[in-house]
K.L.:
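Here it is: the structure, laid out below.
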Amino acid sequence: MAEHAARRCCLGWDFSTQQVKVVAVDAKLNVFYEDSVHFDRDLPEFGTQGGVHVHQDGVTVTSPVLMWVQALDIILEKMKASGFDFSQVLALSGAGQQHGSIYWKAGASRVLTSLSPDLPLHQQLQACFSISDCPVWMDSSTTTQCRRLEAAIGGAQALSCLTGSRAYERFTGNQIAKIYQQNTEAYSHTERISLVSSFAASLFLGAYSPIDYSDGSGMNLLQIQDKVWSQACLGACAPHLEEKLGPPVPSCSVVGAVSSYHVQRYGFPPGCKVVAFTGDNPASLAGMRLEEGDIAVSLGTSDTLFLWLQEPTPALEGHIFCSPVDAQHYMALLCFKNGSLMREKIRDECASCSWSQFSKALRSTEMGNGGNLGFYFDVMEITPEIIGRHRFNAENHRVSAFPKDVEVRALIEGQFMAKRIHAEGLGYRVMPKTKILATGGASHNRDILQVLADVFGAPVYVIDTANSACVGSAYRAFHGLAGGTDVPFSEVVKLASNPTLAATPSPGASQVYEALLPQYAKLEQRLLSQAQEPPE
Ligand SMILES: O=C(CO)[C@@H](O)[C@H](O)CF
């Protein structure tokens with residue numbers, strides 16, 4: 001086996017939906033080791049598809065907790081067999097898919113603190129969980145619990161102001177409420193409830209790890225301003241919940257050292273620190289090294305925006321989480337369902353199925369598209385809830401079609417104006433130092449990125465986010481090691497390689513879009529109110 005030269009490092013873990021991944025990052029912030037275990041491929045005995053079980057009802061989605069435990073056993077054994085030198089690990093942190101919940105059975109903490117280094121984790125933790133199939137973020141079976149929680153707190157907007165989001169089916173508080181209502185005995189036999197992130201940290205700690213502020217913001221239970229559990233939300237979900245959750249902690253907290261189990265079985269140094277694990281999206285924000293005023297745009301099947309916010313404006317769309325790298329600030333997530341599939345459809349219809357033709361259409365039409373505006377939602381859009389294709393000319397009159405080149409530009413300008421309008425609705429502001437970090441399939445098309453730069457009036461950089469949650473976790477481990485809240489995260493990660501500049505705003509862009517954005521916003525509101533009118 002190739003021996004890995006001794007190299008002081010931090011480990012970054014990601015317990016995601018489909019796999020467990022790990023990277024080792026050295027003091028110069030170079031990734032020199034990575035590995036992964038895929039649930040479907042490497043643990044077929046659990047019978048998951050995409051790492052989950054979709055139940056017969058089509059809305060309940062779970063993952064077996066022992067599959068996650070066994071995946072960690074496998075990846076640690078793979079690292080050991082490859083000659084990885086665990087004695088060089090100074091600290092570790094990690095990420096988990098957000099919102100999922102794990103239910104530790106009464107007495108499990110005693111097992112966790114007295115693990116035998118002669119046996120794998122999954123053999124020793126077999127009887128430690130009161131719920132074996134854990135609800136995950138793809139579950140949408142808790143609409144009743146969502147309505148009850150919003151009613152208890154004074155409505156959707158009130159809940160959003162308190163916890164950063166209105167009630168969402170996947171959010172953990174609603175999932176816990178469902179388990180309490182439908183499996184009361186299991187709930188009563190539960191001594192601790194973890195998120196996937198704090199569960200994973202517990203496996204390294206050999207004790208229950210606390211929930212961090214950032215991933216805890218995805219539960220509809222944490223007051224994001226005061227960073228304490230909301231007693232009203234806890235009470236509306238299930239009894240004795242606060243004692244089962246434990247107190248939340250700042251995301252950069254050192255929550256302890258790796259357990260003697262890992263020291264004796266794998267050779268971790270006894271002083272190897274564990275920094276609080278967090279959600280995969282907050283960890284990705286850290287991995288992308290987003291700074292104040294920056295915005296990350298992931299142009300994938302659905303388009304996702306990561307925002308850095310100082311003063312958030314909670315709304316009925318999007319999600320606001322406590323920042324994972326700065327306890328005073330916040331991050332926001334906005335999801336736009338009509339992303340790359342919508343771009344591919346218009347490419348096929350208007351650019352002969354060719355991206356080069358698509359780019360040519362963008363280059364041959366002017367900024368602002370002569371005042372023509374389009375809304376392209378072939379599937380029900382999330383942000384906002386509108387469906388269908390809607391076109392308007394410069395006089396704001398609805399038209400049935402655009403010339404092909406105009407249609408291409410109307411799609412891209414519309415997608416990016418919507419992103420700016422809804423980002424600003426959550427409190428985001430473009431600043432002089434703003435960088436737009438683009439990732440995902442469409443970020444390979446320079447002409448699309450040019451429109452992005454023009455609409456936002458800010459430079460666009462491209463970044464590779466393949467391992468962003470893992471790399472962000474390793475960065476956060478260095479941050480925790482360096483003293484956490486006393487040291488700016490940006491200082492800790494300044495040695496990391498910089499993103500590549502791909503586009504800067506065209507001359508005159510801000511005049512064009514400052515005029516067009518309010519018009520787009522008005523038309524969107526018009527469509528939204530028409531969509532909400534009762535059918536005739
Ligand atoms: O639900 C989500 C965020 O709110 C997803 O991005 C999960 O974190 C994916 F694991």
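Both ligands and their constituent atoms are indexed starting at 1 by order of listing.
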K.L.:
Can you check whether H319 has an N/O within less than 3.5 Å of an N/O in ligand 1?
P.N.:
no
K.L.:
Below 30° counts as parallel, above 60° as perpendicular, anything between as tilted: where do the rings of H422 and F336 land?
P.N.:
perpendicular
K.L.:
How would you list, by chain and number, every residue that makes a ring pair (Phe, Tyr, Trp, His ring centres under 6.0 Å) with W13, sequence neighbours excluded?
P.N.:
F204
K.L.:
Of all the atoms in ligand 1, which lie at a distance below 4.0 Å from a heavy atom belonging to H99?
P.N.:
1 (O), 2 (C), 3 (C), 4 (O)
K.L.:
Find all atoms of ligand 1 within a distance of less than 4.0 Å from any non-hydrogen atom belonging to Q97, and give their numbers and elements.
P.N.:
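Near Q97, meaning under 4.0 Å from one of its heavy atoms, ligand 1 has 10 (F).
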K.L.:
Do W104 and F129 have their ring centres less than 6.0 Å from each other?
P.N.:
yes
K.L.:
Considering non-hydrogen atoms of the protein only, which is the closest contact for atom 1 (O) of ligand 1, and what is the distance?
P.N.:
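Answer for atom 1 (O) of ligand 1: R170 NE, 2.8 Å.
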K.L.:
For F375 and Y520, I'd like to know if the aromatic rings sit close, meaning centre-to-centre distance below 6.0 Å.
P.N.:
yes
K.L.:
Report the relative orientation of the aromatic rings in Y168 and F171; use parallel for angles under 30°, tilted for 30 to 60°, perpendicular for over 60°.
P.N.:
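Tilted.
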K.L.:
Just need the protein heavy atom nearest to atom 6 (O) of ligand 1, so name the residue and atom and give the distance.
P.N.:
N281 ND2, 2.9 Å
K.L.:
For ligand 1, which atoms, with element, lie under 4.0 Å from some heavy atom of T17?
P.N.:
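Near T17, meaning under 4.0 Å from one of its heavy atoms, ligand 1 has 10 (F).
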K.L.:
Can you tell me the protein heavy atom closest to atom 9 (C) of ligand 1 and the distance?
P.N.:
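Heavy-atom neighbour on the protein nearest atom 9 (C) of ligand 1: D280 OD2, 3.2 Å.
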K.L.:
Could you name each residue pair satisfying salt bridge (Lys or Arg N to Asp or Glu O under 4.0 Å) that touches residues 144-159, not counting sequence neighbours?
P.N.:
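Residue pairs with at least one partner in residues 144-159: R147-E150.
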